[in-house]
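Quick notes on the structure that follows.
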Amino acid sequence: MIETLQSNFGHLFEEELLLEISKVGKHFNVNSGETLMELGSKVRNMPLLVNGAIKVFRLDDDYREQILYFLERGDTCAMTLNCCVANSQSEIKAVAEFDSELILIPAENMEEFLKYKSWRRFVFDSYNNRFSELLEVVDSLAFMKLDERLFNYLHDKALVNSNLLLEVTHNEIAMEMNTSRVVISRVLKKLELEEKIKLHRNKIEVLEL
DNA sequence: TCATTAACACGGG
DNA sequence: CCCGTGTTAATGA
């Protein structure tokens, strides 16, 4: 585990902290599509994402989803951070975008790690990054038309997958964006006519980033 | 005006 | 045949 930490977080944390994390951290692997965190579940660990990507969703009262953002290597989940500090329940749902590798740090260690400058920096930066991503989501929901939002989604998905050819169905997108398949199909068709994407069965090709 | 729901046809695997 | 896709019509916000 210490090697994993060194290669992925060595640039962020000092050696001493890496060692401490390796003592209390737990290695954790998830398969693509697996749910890491359910709405309302108790949060006792804070994840460090070593490899892969995680989708973070907000759910409404009827458990309909709205995707918020993707987490990538080197990220942590600020919502989880929040919950660990407050010892509260999860406000979000997290699903693995593809096979991913995490290191879980028990909540009780978080505070003592604050004696490390690099840890304070990391926590602070994570809040910053998530906060601005969240603002972008607010902008997107409040001001953008669905065609822009949809292209944004495809764009982000292409980036985290490092692949312009996305294996996703119209229905899956509709679920993640909390709308209906009819609408997604229609807007995708429009984006295709604008030559921003190309549609295939079960696949969508992003033509511009 | 634009989303949702239901319904239907088409076609690839 | 099953599922994903493209479309339409009716209804509602």
Side-chain angles (χ1 to χ4, degrees), chain A residues 28-41 49 51-73 75 77-80 82-83 89-102 129-209:
Chain A
F28 194 66
N29 287 295
V30 279
N31 297 320
S32 178
E34 258 188 84
T35 300
L36 289 148
M37 171 110 23
E38 289 283 3
L39 185 75
S41 64
L49 189 49
N51 244 314
I54 309 290
K55 285 183 282 203
V56 177
F57 296 95
R58 187 76 171 124
L59 280 73
D60 74 3
D61 295 340
D62 299 322
Y63 293 94
R64 281 183 314 207
E65 305 175 345
Q66 167 62 53
I67 190 164
L68 295 181
Y69 44 70
F70 292 95
L71 298 175
E72 297 176 87
R73 172 211 294 258
D75 284 340
C77 180
M79 298 303 289
T80 306
N82 229 349
C83 292
Q89 298 184 335
S90 172
E91 303 273 346
I92 50 101
K93 175 183 172 185
V95 179
E97 172 74 0
F98 37 89
D99 293 355
S100 302
E101 184 184 357
L102 303 102
N129 291 335
R130 281 322 115 197
F131 194 83
S132 36
E133 288 230 37
L134 220 44
L135 274 188
E136 280 178 36
V137 174
V138 172
D139 284 346
S140 150
L141 290 174
F143 306 124
M144 290 169 68
K145 300 276 187 199
L146 187 58
D147 58 345
E148 293 178 90
R149 282 177 56 203
L150 180 53
F151 186 72
N152 250 10
Y153 168 85
L154 297 172
H155 174 270
D156 288 351
K157 200 176 173 74
L159 282 184
V160 299
N161 281 280
S162 310
N163 194 346
L164 293 177
L165 195 59
L166 304 172
E167 297 202 16
V168 64
T169 66
H170 298 186
N171 197 44
E172 284 165 0
I173 300 175
M175 302 294 287
E176 303 205 340
M177 296 187 58
N178 187 24
T179 181
S180 61
R181 207 256 319 153
V182 184
V183 174
I184 296 297
S185 290
R186 176 163 44 77
V187 178
L188 282 173
K189 205 73 201 159
K190 187 182 159 208
L191 289 174
E192 186 178 41
L193 286 175
E194 293 169 2
E195 297 189 330
K196 290 180 175 154
I197 61 171
K198 188 149 172 51
L199 299 176
H200 313 269
R201 190 184 173 81
N202 285 318
K203 293 183 181 77
I204 297 172
E205 192 178 354
V206 179
L207 297 180
E208 54 182 70
L209 282 181

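The analysis underlying the following values was restricted to heavy atoms, covering all of them including side chains, and did not include hydrogens, waters or symmetry mates. First the proteins, then the strands, lettered A, B, ... as listed; each starts at 1.
Atom CD1 of A/Ile197 and atom C1' of C/dG6 are 14 Å apart (whole Å). Rounding to whole angstrom units, CZ of residue A/Arg149 and P of B/dA3 are separated by 10 Å. Here the C1' atom of nucleotide B/dG11 and the NE2 atom of A/His200 are 17 Å apart, to the nearest Å. What separates CZ of A/Arg181 from P of B/dC8 is a distance of 15 Å, to the nearest Å. Rounded to an integer number of Å, the gap from A/Leu199 CG to C/dT5 C1' is 9 Å. What separates NZ of A/Lys145 from P of B/dA3 is a distance of 8 Å, to the nearest Å. A/Lys203 places its NZ atom 13 Å from the P atom of C/dG4, with the value rounded to the nearest Å. Taking atom CE on A/Met177 and atom P on B/dT4, their separation rounds to 11 Å, with Å as the unit.
Rounding to the nearest 0.5 angstrom, the gap separating the CG atom in A/Leu141 from the CG atom in A/Leu146 is 10.5 Å. A distance of 12.0 Å separates CD of A/Glu91 from CE of A/Met37, quoted to the nearest 0.5 Å. Distance CD1/A/Ile204 to CD/A/Glu192: 9.5 Å, rounded to 0.5 Å. Atoms CG and CZ, from A/Leu49 and A/Arg73 in turn, are 9.0 Å apart once rounded to the nearest 0.5 Å.
Remark: A/Thr169, A/His170 in residues 163-172 of chain A come within less than 4.0 Å of DNA chain C through at least one heavy atom.
The pair A/Lys55-A/Glu97 meets the salt-bridge criterion, since a charged nitrogen lies less than 4.0 angstrom from a carboxylate oxygen.
Counting only heavy atoms from C-beta on, A/Thr179 has its side chain closest to B/dA3 among B/dA6, B/dA3, C/dG6. Listed nucleotides: B/dT4, C/dG6, B/dT5. Nearest to the side chain of A/Val183: B/dT4. Nearest nucleotide to the side chain of A/Arg201, out of B/dA3, B/dA7, C/dC3: C/dC3. Listed candidates were B/dT4, C/dG4, C/dG6. Nearest to the side chain of A/Asn202 is C/dG4.
Taking a 6.0 Å sphere around CG of A/Asp62, one finds it holds more than 12 heavy atoms contributed by other residues, nucleotides or ligands. No more than 12 heavy-atom neighbours from other residues, nucleotides or ligands sit within 6.0 angstrom of CE on A/Met175.
Contact between the side-chain N/O atoms of A/Arg186 and the OP1/OP2 oxygens of C/dT8 is not found at any separation under 4.0 Å.
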